[in-house]
2 protein chains.
Amino acid sequence: MTVACVSRKAKPGAKRKLVLDQFAPYRIVALGHAVSGRLARAYRDENITIPEWRVLAVIGEASAVAARDVVKRTPMDKMTVSRAVASLEQKGFVKRAPHKDDRRVSMLSLSQEGRDVFDRIAALALDFEDDLMSTLEPEEAAAFRLALEKLEERAKAEDA
Amino acid sequence: MTVACVSRKAKPGAKRKLVLDQFAPYRIVALGHAVSGRLARAYRDENITIPEWRVLAVIGEASAVAARDVVKRTPMDKMTVSRAVASLEQKGFVKRAPHKDDRRVSMLSLSQEGRDVFDRIAALALDFEDDLMSTLEPEEAAAFRLALEKLEERAKAEDA
DNA sequence: CCGAATTGGTAACATATGTTACTAATTTGA
DNA sequence: TCAAATTAGTAACATATGTTACCAATTCGG
């Protein structure tokens, strides 16, 4: 497939201008925002907030995890996770059990009700993903996913 | 280039499981978060916040705009923009001029100092973009940009 | 024209999120 | 073995962000 987008190479001397519409980081963040807002519809009806959904999702796929693991797997700091867990526990969606040999950590798991909520939201989320990704050809989609991985790794790299 | 990622098609009957690492919307949002944090370094030293930078960027490329235009071009609501503009004006980076025939709107433009700040940040931002995108081959990068556009358009669509 | 809806922008309030500091449990290492 | 450093998690505080309501200026419809 031919692509209309102009490849912009770094020309050492030429001062490029910052044009938002062509500035990849901006476009990435903008897409993230749009996607995030769209996903929010899936759990708004369940009275679940964004951080809560993230916690649900991590616990949902791993059955039992510590809060610190949720922190590692999501873009949230530990306070946000702590609050979301407390709220989910309050609502009866998440249960805590003591870790057998480290009494600092609680192991988190879903209650049956929490599992139900998770399943409902997950179904909607997967539908959305299908709808979203259907705008790309299969090879395009695969390439996009691969690019996402590479870029994220690079973006997270600590070097200057 | 061969791609390891499995293409996941919607099989009407088979309940797929939600696996975060393979869930495209999650990966997109995560990349956005990483990119955003990385960009923040570029303006942290200038004592510029994220909303302020976005406002600077929009004004910087359009010379004179109304606040409502900033709202249209960025993922911020009008209150956030209003505050950022007020702060930038406070700092002497942005100037307001009355719109000639609509007295509700102020036209925003950069002061010389604001222009300088914008240029410094823009240079760092463009360097970051180069560094980030250099992880992709030119064709990959072009395809990625195209995919971003398609996906954003789809994600913003109001239906379903 | 002119009253009713609309729009640009802000204020005041509520909520959400990040930061710092702290407690309790555990690990480290001299 | 035990004081010092590390880790999991939370509390208390500050700040940032979203929501609602509002004012002033403008446009719309009759």
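Each chain gets a letter, A, B and so on, in the order the sequences are listed, and its residues count up from 1.
In terms of the side chain to side chain contact (heavy atoms under 4.5 Å, CB included) criterion, residue partners of A:Ala30 (sequence neighbours excluded) are, by chain and number, B:Glu152. Remark: A:Glu113 engages A:Phe93, A:Ser111 in a side chain to side chain contact (heavy atoms under 4.5 Å, CB included) (not counting sequence neighbours).
No side-chain heavy atom of A:Arg27 sits less than 4.5 Å from a side-chain heavy atom of A:Leu31. When side chains are defined from C-beta on, A:Leu18 does not count as touching A:Tyr26, because their heavy atoms never get closer than 4.5 Å.
Atom CD1 of B:Ile50 and atom P of C:dT17 are 14 Å apart (whole Å). Computed from coordinates, the B:His99 NE2 to C:dG9 C1' distance equals 14 Å when rounded to whole Å. Atoms NZ (B:Lys100) and P (D:dT26) sit 15 Å apart, rounded to a whole Å. What separates NZ of A:Lys72 from P of D:dA8 is a distance of 7 Å, to the nearest Å.
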Task: Worked check of side chain to side chain contact (heavy atoms under 4.5 Å, CB included) between B:Asp130 and A:Arg16 - done: CA-CA 11 Å; B:Asp130 286 341; A:Arg16 287 162 298 148; 2.9 Å; yes
Open item on the list: Quick one, B:Ser134 with B:Asp131, criterion side chain to side chain donor-acceptor pair (under 3.5 Å). Give me CA distance, side-chain angles, the key distance, then yes/no.
Closed with: CA-CA 5 Å; B:Ser134 72; B:Asp131 178 65; 4.5 Å; no
- [ ] I would like to know whether A:Lys95 and A:Glu89 meet salt bridge (charged side-chain N to carboxylate O under 4.0 Å, His left out); could you show each step before the answer?
- [x] CA-CA 6 Å; A:Lys95 302 194 149 211; A:Glu89 194 183 14; over 6 Å; no
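When every heavy atom of A:Val81 is checked against every heavy atom of A:Val71, the shortest pair comes out as CG2-CG2, 3.7 Å. Considering every non-hydrogen atom in both B:Ala84 and B:Val55, the closest pair reads CB-CG2, 3.8 Å. When all heavy atoms are compared, the tightest approach of B:Phe144 to A:Ala147 is CD1-CB, 3.6 Å.
Only B:Arg104, B:Val105, B:Ser106, listed by number, bring a heavy atom of residues 101-108 of chain B to less than 4.0 angstrom from any atom of DNA chain C. DNA chain D is contacted by A:Ala67, A:Arg68 of residues 57-69 of chain A, taking any non-hydrogen atom closer than 4.0 Å.
Looking at which nucleotide of DNA chain C each of A:Thr49 and A:Lys78 is closest to, the 5′-most match is held by A:Thr49.
In this structure, B:Arg96 does not reach the C:dG8 phosphate: none of its side-chain N or O atoms is under 4.0 Å from OP1 or OP2. The shortest distance between the side-chain N/O atoms of B:Ser82 and the OP1/OP2 oxygens of C:dG9 is not below 4.0 Å.
For the side-chain hydrogen bond (donor to acceptor under 3.5 Å, both in side chains) condition, the pairs that include at least one residue of residues 49-73 of chain B, sequence neighbours left out, are B:Glu52-B:Ser87, B:Glu52-B:Lys91.
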N/O-N/O pairs, protein side and nucleotides 18-20 of chain D side, under 3.5 Å:
| from | atom 1 | to | atom 2 | distance (Å) |
| --- | --- | --- | --- | --- |
| D:dG18 | OP2 | B:Thr80 | OG1 | 2.7 |
| D:dG18 | N7 | B:Arg83 | NH2 | 2.8 |
| D:dG18 | O6 | B:Arg83 | NH1 | 3.2 |
| D:dG18 | O6 | B:Arg83 | NH2 | 3.4 |

